[in-house]
Amino acid sequence: MTQTTPAARATGTLASIEQRVLWLATAIVHQANRVRPNPSGLKVGGHQASCASLVSIMTSLWFRHLRPEDRVSVKPHASPVLHAINYLLGELDEAYLPTLREFGGLQSYPSRAKDPDPVDYSTGSVGIGATAPIWGALARRYLTARGSAAGSGRQYSLVGDAELDEGAIWEAILDPGVAELGEIVWIVDLNRQSLDRVVPNIAAGRLQGMFDAAGWQVLTLKYGRLLEELFTRPGGTELRARIDAMPNPEYQRLLRCDAAQVRDRLPAGNAALSELVASLDDETLLAAIRNLGGHDLGSLDEVFASISDSRPTVIFAYTVKGRGLPTQGHPQNHSSLLTVAQMEELATSLGTDLASPWEGFAPGSPEAALCTEVASRLRRPAVPSAPSLELPVDIGRTPSGTATTQAALGRVLLDLTREAPEAAKRVVTVSPDVSSTTNLGGWVNKVGVWSATERRDWFDDDPETIMHWREKPTGQHVELGIAETNLVGLLGELGATWSRWGEPLLPIGVMYDPFVERALEPWSFGIYAGGQSILIGTPSGVTLAPEGGAHQSITTPSIGIEQPGCVSYEPAFAIDTEWTLLAALGRLGKPGGTSSYFRLSTRPVDQTLADVPTDPAARERRRRQVVAGAYLLRRAASPAVTLVAMGALVPDTLAAAERLAQVGVEADVVCVTSPGLLFEALQARSGRGSGESWILDQAFPASRAKPLVTVLDGHPHTLAFLAGVNRVPSVALGVTGFGQSGSLEDVYRHHGIDADAIIRAALDVVS
């Protein structure tokens with residue numbers, strides 16, 4: 001009697017778990033689409049074939065190789081596989097398995113914030129989830145350099161091959177610092193299909209060369225052990241050459257063939273290959289065609305064991321989309337669903353029951369024992385509660401002279417190092433090669449530049465060098481290349497350290513405001529995933545007059561109204577910048593915290609125009625109003641009109657008010673700092689939100705309600721809603737077309753936002 005070895009028994013147990021994971025993932029999608037009531041008739045959706053191509057890889061990773069300190073980003077369409085594994089490990093209650101894409105149930109794609117079971121990284125926006133572990137690795141290194149117990153561990157990304165088309169992936173891979181992150185491991189699910197088709201030329205060799213050129217270890221897992229053994233037989237060399245040279249669509253077509261058709265198509269006239277094919281029985285022949293490395297548990301063990309932690313690693317794992325399902329290899333199987341009959345046949349072949357789809361392994365079975373052992377091995381300690389950070393709300397400075405809000409940013413950060421040193425130690429700034437031009441020079445000189453290892457500053461003795469580039473592990477500024485997507489990806493992960501390891505950071509990213517929209521989608525996704533950060537766009541608007549239309553932002557002022565989980569500010573004065581920035585820092589790094597977006601300017605402004613109250617109580621009242629969104633800056637004795645301005649346009653609005661007074665038209669001037677907070681207040685007033693409406697009563701009291709003129713260096717719709725506060729006639733001024741190069745006066749005049757235009761609008765609205 002043949003004795004089964006322990007290794008063989010272990011492999012058999014793992015293969016049994018692999019089959020159960022395939023069944024559960026497929027059944028999760030089936031239940032959502034064909035079993036759960038659907039009164040609306042709208043498509044629910046799901047991706048059974050995409051799940052199947054990753055089942056072997058994820059089973060091997062979780063049940064053989066993963067450690068509790070490791071983190072994994074799972075490709076979006078494989079979320080049911082993750083839920084299936086979590087269920088087998090006791091991390092997901094059975095009641096959730098039928099709830100995929102149901103309200104309050106399992107999310108369409110892995111969500112760290114919304115799914116009920118453990119998810120390391122939110123995915124779903126192509127390219128963003130894949131690159132998140134890169135920035136997660138950097139965030140953890142940043143913490144550990146400061147003595148944090150964030151630990152170590154690999155950062156895995158399970159990436160679909162079609163996802164490599166996304167430019168954000170290559171922006172991340174090519175950043176110079178990434179080549180130093182040896183804990184990064186990407187596994188490319190090379191199933192050679194996208195949503196619509198079999199990709200005709202996947203160009204795996206070219207992709208491998210690109211990773212290699214970026215300094216990554218490149219491993220290829222193409223064939224399983226059955227095919228590798230056949231390659232050693234007579235005709236095996238020809239078999240390898242035939243499959244290697246075969247176009248992707250031809251190979252995929254073979255997967256849809258029966259044994260007779262494979263025997264007819266595969267040899268392609270080669271005598272040696274014909275003899276090899278003829279020597280194989282039907283079962284072996286069909287198994288060989290499907291025996292790709294990404295589905296071979298033994299081959300997966302070998303490739304995982306060969307990973308070097310000295311540099312990033314990418315594994316190209318060849319797979320079959322829909323492996324083990326009736327839809328395998330079909331060019332349109334991306335979101336196709338198995339029929340009830342096909343599910344019954346699959347249940348029979350996998351030893352399960354469609355009537356009881358969630359049945360677990362029998363107690364005492366090798367499979368149940370392995371699940372218990374793995375669950376214990378992967379259990380992580382509870383995340384400690386993040387400490388509360390003591391931040392001042394007012395540093396006490398009253399700026400004088402002429403200054404810009406952009407320059408005020410650097411001043412506040414330096415002041416923070418003196419006024420609240422413990423909180424300042426948690427500030428980390430990030431820039432895409434624009435530190436000096438966004439006024440972070442003094443801050444960088446003070447705190448240094450973060451680097452995994454200390455590097456010599458060869459200009460430290462140059463008397464003409466003002467900005468000192470001291471790179472060290474304790475630096476608090478991270479300099480990235482010119483790729484805004486990378487910056488906001490890192491911001492998201494730096495802003496999530498409070499929930500991952502109980503170590504809050506206060507991340508601030510600075511970029512040119514015209515490029516904020518380029519970064520907005522990945523930043524928004526980072527907020528969705530739980531990252532809390534501050535994004536600062538500067539300089540902004542057509543106020544950047546000489547730069548011309550390409551560098552003049554128009555639509556960014558409304559971000560705070562439209563972006564969930566974000567408060568936006570556009571301060572007019574240095575003191576407003578200080579107060580709002582301190583408030584924004586106070587919202588970071590804690591449950592229920594929020595991100596913030598700041599729009600700053602390089603326009604020099606006379607700071608005495610802010611008219612900051614000298615009485616402490618009055619000053620505090622002004623500060624609260626600034627942080628809440630608006631304040632009455634100029635109070636007329638008997639106003640006929642209210643002028644509402646934001647940011648760089650406040651000086652022109654005050655000038656317009658003075659000139660109007662000279663012709664007998666008195667005007668109040670309201671300075672808006674946050675249109676988003678004012679909109680929330682207006683919604684709350686009508687019972688449609690949870691904001692506080694008191695700021696409307698103080699900035700726009702009904703007793704002083706007059707016709708309104710709003711003006712800003714951006715699209716006029718941003719402030720147009722303010723006419724609804726007291727339901728008064730209004731004119732909304734702003735920028736609606738691409739900018740022009742020129743002097744500030746010429747450009748303001750061109751767009752109709754100068755003092756003359758404000759005066760004309762005021763006279764029109766009161767006439």
Distance-only donor-acceptor check, side chains [X] and [Y], under 3.5 Å:
{"X": "Tyr748", "Y": "Ser743", "value": "no"}
{"X": "Ser148", "Y": "Trp501", "value": "no"}
{"X": "Ser152", "Y": "Glu183", "value": "no"}

Is the backbone N or O of [Y] less than 3.5 Å from a side-chain atom of [X], with the two atoms forming a donor-acceptor pair by type?
{"X": "Ser125", "Y": "Ile128", "result": "no"}
{"X": "Arg146", "Y": "Arg426", "result": "no"}
{"X": "Thr642", "Y": "Leu708", "result": "no"}
{"X": "Trp450", "Y": "Pro473", "result": "yes"}
{"X": "Gln532", "Y": "Gly589", "result": "yes"}
{"X": "Thr497", "Y": "Glu503", "result": "yes"}

Trace of the side chain to side chain contact (heavy atoms under 4.5 Å, CB included) decision for Tyr142 with Leu490: CA-CA 11 Å; Tyr142 183 92; Leu490 178 55; over 6 Å; no
Kindly determine whether Val178 and Ile173 satisfy side chain to side chain contact (heavy atoms under 4.5 Å, CB included), including the steps that lead there. CA-CA 6 Å; Val178 172; Ile173 288 168; 5.7 Å; no
Could you check whether any side-chain heavy atom of [X] comes within less than 4.5 Å of a side-chain heavy atom of [Y], counting everything from C-beta outward?
{"X": "Met511", "Y": "Val488", "value": "yes"}
{"X": "Glu422", "Y": "Lys425", "value": "yes"}
{"X": "Leu440", "Y": "Thr429", "value": "yes"}
{"X": "Pro399", "Y": "Phe573", "value": "no"}
{"X": "Val626", "Y": "Thr580", "value": "yes"}
{"X": "Val542", "Y": "His750", "value": "no"}
{"X": "Ile134", "Y": "Gln155", "value": "no"}
{"X": "Thr736", "Y": "Ile554", "value": "no"}

Should the pair Arg599 and Tyr597 be classed as cation-pi, given the thresholds of under 6.0 Å to the six-membered ring centre and 45° from the axis? no
Within 45° of the ring axis of Phe525 and under 6.0 Å from its six-membered ring centre, is that where the NZ or CZ of Arg112 lies? no
Closest contact, heavy atoms only, [X] versus [Y]:
{"X": "Phe721", "Y": "Pro675", "answer": "CZ-O, 3.4 Å"}
{"X": "Asp713", "Y": "Leu649", "answer": "CB-CD2, 3.4 Å"}
{"X": "Ala648", "Y": "Glu570", "answer": "N-OE2, 4.5 Å"}
{"X": "Leu582", "Y": "Leu416", "answer": "CD2-CD1, 3.9 Å"}
{"X": "Leu506", "Y": "Ala423", "answer": "CD1-O, 3.7 Å"}
{"X": "Ser595", "Y": "Ile527", "answer": "OG-CG1, 3.6 Å"}

What is the distance from atom [atom1] of [X] to atom [atom2] of [Y], rounded to the nearest 0.5 Å?
{"X": "Arg749", "Y": "Gln740", "atom1": "CZ", "atom2": "CD", "answer": "13.5 Å"}
{"X": "Leu409", "Y": "Trp443", "atom1": "CG", "atom2": "CH2", "answer": "10.0 Å"}
{"X": "Asp576", "Y": "Thr673", "atom1": "CG", "atom2": "OG1", "answer": "6.5 Å"}
{"X": "Gln698", "Y": "Ser693", "atom1": "CD", "atom2": "OG", "answer": "10.5 Å"}
{"X": "Asn486", "Y": "Glu484", "atom1": "CG", "atom2": "CD", "answer": "9.0 Å"}
{"X": "Phe679", "Y": "Ser558", "atom1": "CZ", "atom2": "OG", "answer": "11.5 Å"}

Only one of Thr405, Asp513, Leu600, Val516 forms a side-chain contact (heavy atoms from CB on, under 4.5 Å) with Ile536, so which one is it? Leu600
Step-by-step side chain to side chain contact (heavy atoms under 4.5 Å, CB included) determination, Asp756 to Arg659: CA-CA 9 Å; Asp756 286 351; Arg659 288 172 56 189; 2.9 Å; yes
Aromatic rings Phe598 and Tyr569: how do their planes relate, parallel, tilted or perpendicular, breaks at 30° and 60°? tilted
Glu658 and Arg634 ion-paired at < 4.0 Å: yes
Which of these, His715, His717, Glu517, Glu562, sits in a side-chain hydrogen bond (donor to acceptor under 3.5 Å, both in side chains) with Thr555? Glu517
Salt bridge (Lys or Arg N to Asp or Glu O under 4.0 Å) between Glu493 and Arg140, intermediate numbers included: CA-CA 9 Å; Glu493 291 307 315; Arg140 182 158 59 183; over 6 Å; no
Please say whether more than 12 non-hydrogen atoms of neighbouring residues, nucleotides or ligands are located less than 6.0 Å from [atom1] in [X].
{"X": "Glu692", "atom1": "CD", "value": "no"}
{"X": "Lys472", "atom1": "NZ", "value": "yes"}
{"X": "Arg624", "atom1": "CZ", "value": "no"}

Verdict with supporting geometry, Ile508 and Leu413, side chain to side chain contact (heavy atoms under 4.5 Å, CB included): CA-CA 10 Å; Ile508 301 173; Leu413 292 178; 3.8 Å; yes
